[in-house]
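Because only heavy atoms are used, hydrogens play no part in the values below, and waters and symmetry mates are left out as well, while side chains stay in. Note that the structure is a prediction, hence the values are computed from the model and not measured.
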Amino acid sequence: MTKPEWWPSWEGETVVIVASGPSAKNAPLHVAKGKAKFIAINKSWELAPWADILYGCDFAWWRHVKGCPGFSGLKLTVDRAAVKDFPEIKQVECRKPDDRLFLSPLGTVGWGGNGGFHALNLAVQFGCRKIILVGYDMTTRYGLHWHGAHTGNLHNPKEASVARWRRAVDNASKVIHPMGIKVINCSKVSALTSYPKMELDKALAS
């Protein structure tokens, strides 16, 4: 199966995906540094500046951060406008509005309405055998993001959209579990129900 030229070699690896839920702010991410690959979603790269990949769905966010020149790893998006304005960002294809998790073609993800879903889809395609979710709160009960509300013209989540995100990520388990991939939810307050919850250090050792 043809891989995009930017494709990482993560077969058999553990990956920590750091989303933007409020619980991410106090997550002990340092315990996984050097022990796992990292994908950070949007501003969450500031919590894990050593991340291998920075994923941002929307051109509006990339424009807001001017392409995020402070991040030196691989940058990914589904937004063609972002790639046009910032050529260092690599293109991920998206089957919008399909909320299913895709196994092929490589570099093509389901929609799910959010970058956390895209990153999970990519981690599965990268061949990771353990995927640790941080900041996947999937509820607005405890706030919007660990960094507060987005400013300017950037979108902030509403409970209706978050409910869709939750369904998409939970439903992905129907594809992921039969593949023998461990997905562990390290977001204590997460509304997800399809993945076991665990402290980050225990998830790494499991």
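Screening residues 28-39 for side-chain hydrogen bond (donor to acceptor under 3.5 Å, both in side chains) gives no qualifying pairs among residues at least two apart or on separate chains. Sorted by first and then second residue, the pairs that involve residues 107-126 and meet side-chain hydrogen bond (donor to acceptor under 3.5 Å, both in side chains), not counting sequence neighbours, are Y55-H118. Annotation: salt bridge (charged side-chain N to carboxylate O under 4.0 Å, His left out) contacts involving residues 166-178, sequence neighbours excluded, comprise E159-R166. For the salt bridge (charged side-chain N to carboxylate O under 4.0 Å, His left out) condition, the pairs that include at least one residue of residues 189-206, sequence neighbours left out, are K188-E199.
Among residues two or more places apart in sequence or in another chain, the salt bridge (charged side-chain N to carboxylate O under 4.0 Å, His left out) test is passed with K90 by E5. Legend: residues meeting side-chain hydrogen bond (donor to acceptor under 3.5 Å, both in side chains) with S72, ordered by chain and number and at least two apart, are absent. By the side chain to side chain contact (heavy atoms under 4.5 Å, CB included) test, A27 pairs with L29, V134, sequence neighbours left out. In this view, W6 satisfies the ring-ring contact (aromatic ring centres under 6.0 Å, His included) rule with no residue, not counting sequence neighbours. In this structure E11 satisfies the side-chain hydrogen bond (donor to acceptor under 3.5 Å, both in side chains) test together with S9, sequence neighbours excluded. Partners of D58 according to the side-chain hydrogen bond (donor to acceptor under 3.5 Å, both in side chains) rule, which considers only residues two or more places apart in sequence or in another chain, do not exist here.
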Would you tabulate the side-chain donor-acceptor contacts of residues 178-186 under 3.5 Å, counting partners in other chains and residues two or more places apart, or write 'none'?
residue: N185; atom: OD1; partner: S187; partner atom: N; Å: 3.0
residue: N185; atom: OD1; partner: S187; partner atom: OG; Å: 3.4
residue: N185; atom: ND2; partner: S190; partner atom: OG; Å: 2.9

Would you mind writing out the side-chain donor-acceptor pairs for residues 76-86 within the sub-3.5 Å range, not counting sequence neighbours?
residue: T77; atom: OG1; partner: G56; partner atom: O; Å: 2.7
residue: T77; atom: OG1; partner: C57; partner atom: O; Å: 2.9
residue: T77; atom: OG1; partner: D79; partner atom: N; Å: 3.1
residue: D79; atom: OD1; partner: A81; partner atom: N; Å: 3.0
residue: D79; atom: OD2; partner: F59; partner atom: N; Å: 2.9
residue: R80; atom: NH2; partner: E93; partner atom: OE1; Å: 2.9

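Residues V18 and L204 share a hydrophobic cluster, clusters being chains of Ile/Leu/Val/Met/Phe/Trp/Tyr side chains in contact below 4.5 Å. Residues L200 and M198 are members of separate hydrophobic clusters, defined by side-chain heavy-atom contacts under 4.5 angstrom among Ile, Leu, Val, Met, Phe, Trp and Tyr. W7 and V109 fall within the same hydrophobic cluster, defined by Ile, Leu, Val, Met, Phe, Trp and Tyr side-chain heavy atoms under 4.5 Å apart, directly or through other members.
A donor-acceptor pair under 3.5 Å is absent between the side-chain atoms of T139 and the main chain of A191, judged by distance alone. No donor-acceptor pair under 3.5 Å is formed between the side chain of K96 and the backbone N or O of G110. Remark: the backbone N or O of F117 is not paired with any side-chain donor or acceptor of Y136 at under 3.5 angstrom.
Rounding to the nearest 0.5 Å places CG of L122 at 6.5 Å from CD1 of I39. Remark: W45 CH2 to I53 CD1 distance equals 15.5 Å, nearest 0.5 Å. Atoms SG and CD1, on C128 and I17 in that order, are 7.5 Å from each other to the nearest 0.5 Å. If you take CD1 on I41 and OG on S20, they are separated by 7.0 Å, rounding to the nearest 0.5 Å. Between atom CD of residue Q91 and atom CD1 of residue I89 there is a gap of 10.0 Å, rounded to the nearest 0.5 Å. How far CZ of F38 is from CD1 of I132: 8.0 Å, rounded to the nearest 0.5 Å.
Counted within 6.0 Å of CZ on R100, heavy atoms from surrounding residues, nucleotides or ligands total 12 or fewer; the atom is thus considered open.
Looking at heavy atoms from C-beta onward, F102 lies out of side-chain contact with V124 at the 4.5 angstrom threshold. K130 places none of its side-chain heavy atoms less than 4.5 Å from the side chain of V15.
When all heavy atoms of A19 and G135 are compared, the closest pair comes out as CB-O, 3.5 Å. Annotation for L54 and C68: closest pair CD2-SG, 3.7 Å, computed over non-hydrogen atoms. Here the closest non-hydrogen pair linking V92 and G107 is CG1-O, 3.4 Å. The two residues L120 and A172 have their closest heavy-atom pair at CD2-CB, 4.2 Å.
Under 4.0 Å is where a charged nitrogen must lie from a carboxylate oxygen, and between E88 and K75 at least one such pair does.
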Exercise. How far apart are the C-alpha atoms of I176 and Y195, what are their side-chain angles, what is the distance that settles it, and do they pass the side chain to side chain contact (heavy atoms under 4.5 Å, CB included) test?
Worked result: CA-CA 11 Å; I176 296 171; Y195 310 100; 4.3 Å; yes
